[in-house]
Undergrad: 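Handing you this structure, nothing more for now.
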Amino acid sequence: MATTAPTGSPPSQPSLTHPSPPLKLTTVKALSESPGLSSIPSIYTFPKQPYHEPVSDTKEPIPTIDFSLLTSSHPDERSETIRELGKACRDWGFFMVINHGVPERMMKAIIEACREFFELPEEEKRGISGKHVLDPIRFGTSFNESVDEILCWRDYVKIFQHPEFHSPDKPPSFREIALEYSKRVRLVAREIIRGISDSLGLEKDYIDETLNLENGLQLIAANLYPPCPQPELAMGLPPHSDHGLLTLLIQNQIGGLQVQHKGKWVNIDPIPNSFLANIGDHIEILSNGKYKSVLHRAVVNNRDVRISIAMPHGPALDAIVGPASKLVENVGNPPAYGAMKYKEYLELQQCTMLNGKSSLERIRNGV
């Protein structure tokens, strides 16, 4: 027999004593296409910081490295380019790469293939979402939607390309385009890493061989930043550095990348048909801090869809990365970072909120 609460007593309401279940997260693309959207949900609102104001009129241009000179058979041309590469790594941590040999049509084709992927129905994209950083294909929103306190105005797909190649089944053209593109870009990345090794005073192939780049990790990280009705409140990605050794990035013709340089945020507008390169945390570790990975972020706008495709290149997953012995031999330059397996570093970075260089700080001085 059913009973009723006594008069004057509130009925039993579990919802008042237990938190409501979390709302199912939608993609930013679906949210941005909501009819009449004029403001963003509070979960996407980032607190403003004094250093967040960008400075786009820097008088110091971002360095440019001519890849054809880096691979030149003339020793003088190559050695001068190595010197320029070392200076770019030391002063900026970012640089443009021109004359790299990857056809422009191929760069446009991979951007279009990624755009077609993001245009797939939501249920098809969600159907391939991996849960772990080492899952070969992951689709999602924000950075790590399970732990982020504030969500990024960004959808992404991350796909392992090497040492094993993976591809979503749709769009149909994706596999062929990604396979060829990733092969060409990996050749460029390994040659630049050889140049970085040279510039540090190490053997040309030291990084390649010590960290087993023949089996090194390469992935496509494609990002979609839809128009945002309140771009001044949102962030595509907050300030962060990249894991791995070297990231090579291309984008459609919509700007949004900002780099921290000499304490100020600088807007970066890549040269057409170029790669924007940046060194990652594991170059900082290996160089014992001589070259530092640099904070960068993605801002959004209220008009245009921005697509960027970053290709991080890292050591083999089982490689243990620490400062190069040759760079810490003298007594005045002790190791500033503890050694850690690359796979473990990835898991460390990806299981927490994106927060500057917090993962790197955790292994500084071996702590």
Side-chain angles (χ1 to χ4, degrees), residues 62-63 65 67 70 81-97 162 185-219 221 239-249 259-261 275-296 310-328 333 335-346 348-349 356-366:
I62 186 170
I65 300 300
F67 185 80
L70 183 65
T81 307
I82 293 292
R83 187 193 67 78
E84 293 173 357
L85 178 60
K87 187 174 189 304
C89 291
R90 188 173 59 252
D91 294 350
W92 275 83
F94 271 78
F95 48 92
M96 304 286 189
V97 182
H162 191 78
V185 175
R186 189 161 63 254
L187 292 174
V188 174
R190 286 182 75 176
E191 196 60 48
I192 294 172
I193 291 168
R194 290 187 182 101
I196 291 173
S197 190
D198 238 344
S199 75
L200 286 167
L202 304 170
E203 294 82 3
K204 177 181 177 181
D205 290 319
Y206 176 87
I207 298 175
D208 197 291
E209 294 176 355
T210 303
L211 301 184
N212 187 14
L213 297 199
E214 186 65 34
N215 294 302
L217 180 66
Q218 180 196 39
L219 60 97
H240 66 284
S241 60
D242 290 352
H243 64 78
L245 300 167
L246 184 76
T247 298
L248 295 177
L249 179 139
V259 173
Q260 195 171 72
H261 180 61
F275 288 111
L276 179 64
N278 66 280
I279 59 174
D281 292 345
H282 289 81
I283 287 292
E284 179 168 340
I285 295 167
L286 182 132
S287 71
N288 204 38
K290 183 175 182 179
Y291 297 162
K292 290 183 167 57
S293 58
V294 176
L295 291 178
H296 52 288
M311 293 201 82
H313 297 79
L317 285 170
D318 287 333
I320 297 173
V321 188
S325 57
K326 185 176 180 179
L327 301 180
V328 294
N333 191 35
Y337 306 86
M340 178 181 275
K341 191 176 288 188
Y342 181 45
K343 177 168 61 175
E344 293 172 355
Y345 189 93
L346 274 177
L348 172 68
Q349 187 194 55
K357 297 174 73 169
S358 59
S359 297
L360 192 61
E361 291 298 326
R362 288 177 67 172
I363 64 169
R364 192 181 294 276
N365 296 319

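What you see is a predicted model, and the numbers here were worked out from it, not measured in a lab. Below, all heavy atoms of this structure are taken into account, side chains as well, without hydrogens, waters or symmetry copies.
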Undergrad: Using only atom types and a distance under 3.5 Å, with no angle test, would you say the side chain of Asn278 pairs donor to acceptor with the backbone of Gly93?
TA: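 Answer holds: no.
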
Undergrad: Kindly indicate whether the side chain of Leu245, heavy atoms from C-beta on, has any atom under 4.5 Å from the side chain of Leu286.
TA: no

Undergrad: CG/Leu348 to NZ/Lys341 distance, rounded to the nearest 0.5 angstrom?
TA: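 Leu348 CG to Lys341 NZ: 15.0 Å, rounded to 0.5 Å.
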
Undergrad: Under a 3.5 Å distance rule, please check whether Glu284 uses its side chain to pair with a backbone N or O of Ser293 as donor and acceptor.
TA: yes

Undergrad: Set out, in order, the CA-CA distance, both residues' side-chain angles and the distance that settles side chain to side chain contact (heavy atoms under 4.5 Å, CB included) for Thr247 and Met311, then state yes or no.
TA: CA-CA 5 Å; Thr247 298; Met311 293 201 82; 5.8 Å; no

Undergrad: Ring centres under 6.0 Å, that's the criterion: do Phe94 and His261 meet it?
TA: no

Undergrad: Is Gln260 close to Pro239 at the side-chain level, that is, under 4.5 Å between some pair of heavy atoms?
TA: no

Undergrad: Do Ile62 and Met96 come close enough that some side-chain heavy atom pair is under 4.5 Å?
TA: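 Answer yes - side chains close enough.
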
Undergrad: Find out whether Leu217 and Leu219 are in side-chain contact, i.e. whether some heavy atom of one side chain is under 4.5 Å from a heavy atom of the other.
TA: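 Sidechains of Leu219 and Leu217: in contact.
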
Undergrad: Checking side chain to side chain contact (heavy atoms under 4.5 Å, CB included) against Tyr291, which of Asp91, Ile196, Ile285 comes through?
TA: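 It is Ile196; the other options fail the test.
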
Undergrad: Between Arg186 and Glu191 (salt bridge meaning N to carboxylate O under 4.0 Å), is one present in this structure?
TA: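 Result for this pair is no, no salt bridge flagged.
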
Undergrad: Strictly by modelled atom types, are Tyr345 and His282 linked by a side-chain donor-acceptor pair under 3.5 Å?
TA: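 There is no such pair (donor and acceptor under 3.5 Å, judged by atom type) between the side chains of Tyr345 and His282.
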
Undergrad: Return the OG to CD1 distance between Ser241 and Ile283, rounded to the nearest 0.5 Å.
TA: 13.0 Å

Undergrad: How far apart are the closest heavy atoms of Val188 and Phe67, and which atoms are they?
TA: O-CE1, 3.7 Å

Undergrad: Would you please name every residue forming a side chain to side chain donor-acceptor pair (under 3.5 Å) with Glu84, sequence neighbours left out?
TA: none

Undergrad: Assess whether side chain to side chain contact (heavy atoms under 4.5 Å, CB included) is satisfied between Leu202 and Lys326, documenting all intermediate values.
TA: CA-CA 8 Å; Leu202 304 170; Lys326 185 176 180 179; 3.9 Å; yes

Undergrad: Within the side chain of Lys87, is there an N or O that forms a donor-acceptor pair under 3.5 Å with the backbone of Trp92?
TA: no

Undergrad: Mind listing the closest non-hydrogen atom pair of Ile192 and Leu70 along with its distance?
TA: CA-CD2, 3.9 Å

Undergrad: Quick check: closest heavy atoms across Ala336 and Pro323, and the distance to 0.1 Å?
TA: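 Smallest heavy-atom distance, with atoms named: N-CG, 4.4 Å.
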
Undergrad: Please give me the minimum heavy-atom distance between Gly195 and Ile82, naming the atom from each residue.
TA: CA-CD1, 3.5 Å

Undergrad: Mind checking whether Tyr342 and Leu211 have side chains closer than 4.5 Å, heavy atoms only?
TA: no

Undergrad: Can you find a pair of side-chain heavy atoms, one from Val321 and one from Asp281, that are under 4.5 Å apart?
TA: no

Undergrad: Checking the side chain of Ser197 only, and the main-chain atoms of Ile193 only, is there a donor and an acceptor separated by less than 3.5 Å?
TA: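 Not a single qualifying donor-acceptor pair exists.
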
Undergrad: Is any side-chain heavy atom of Lys290 closer than 4.5 Å to a side-chain heavy atom of Leu200?
TA: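 Lys290 reaches Leu200 side chain to side chain.
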
Undergrad: Quick check for you: to the nearest 0.5 Å, what is the distance between His313 atom NE2 and Gln218 atom CD?
TA: 3.5 Å

Undergrad: Of all residues at least two apart in sequence or in a different chain, which pass the salt bridge (charged side-chain N to carboxylate O under 4.0 Å, His left out) check with Glu214?
TA: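 So Glu214 forms a salt bridge (charged side-chain N to carboxylate O under 4.0 Å, His left out) with Arg190.
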
Undergrad: Measure the shortest side-chain to side-chain distance between Leu248 and Leu276 over non-hydrogen atoms and say whether it is less than 4.5 angstrom.
TA: no

Undergrad: How many angstroms lie between CG in Asp205 and CG in Leu213, if you round to the nearest 0.5 Å?
TA: 9.5 Å

Undergrad: Considering non-hydrogen atoms only, spot the tightest contact between Lys343 and Asp318 and give its length.
TA: NZ-OD1, 3.5 Å

Undergrad: What pair of heavy atoms forms the shortest contact from Ile279 to Lys292, and how long is it?
TA: CD1-O, 3.5 Å

Undergrad: Could you check, using the six-membered ring where one of them is a Trp, whether His240 and His296 have ring centers closer than 6.0 angstrom?
TA: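 Under 6.0 Å, so yes.
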
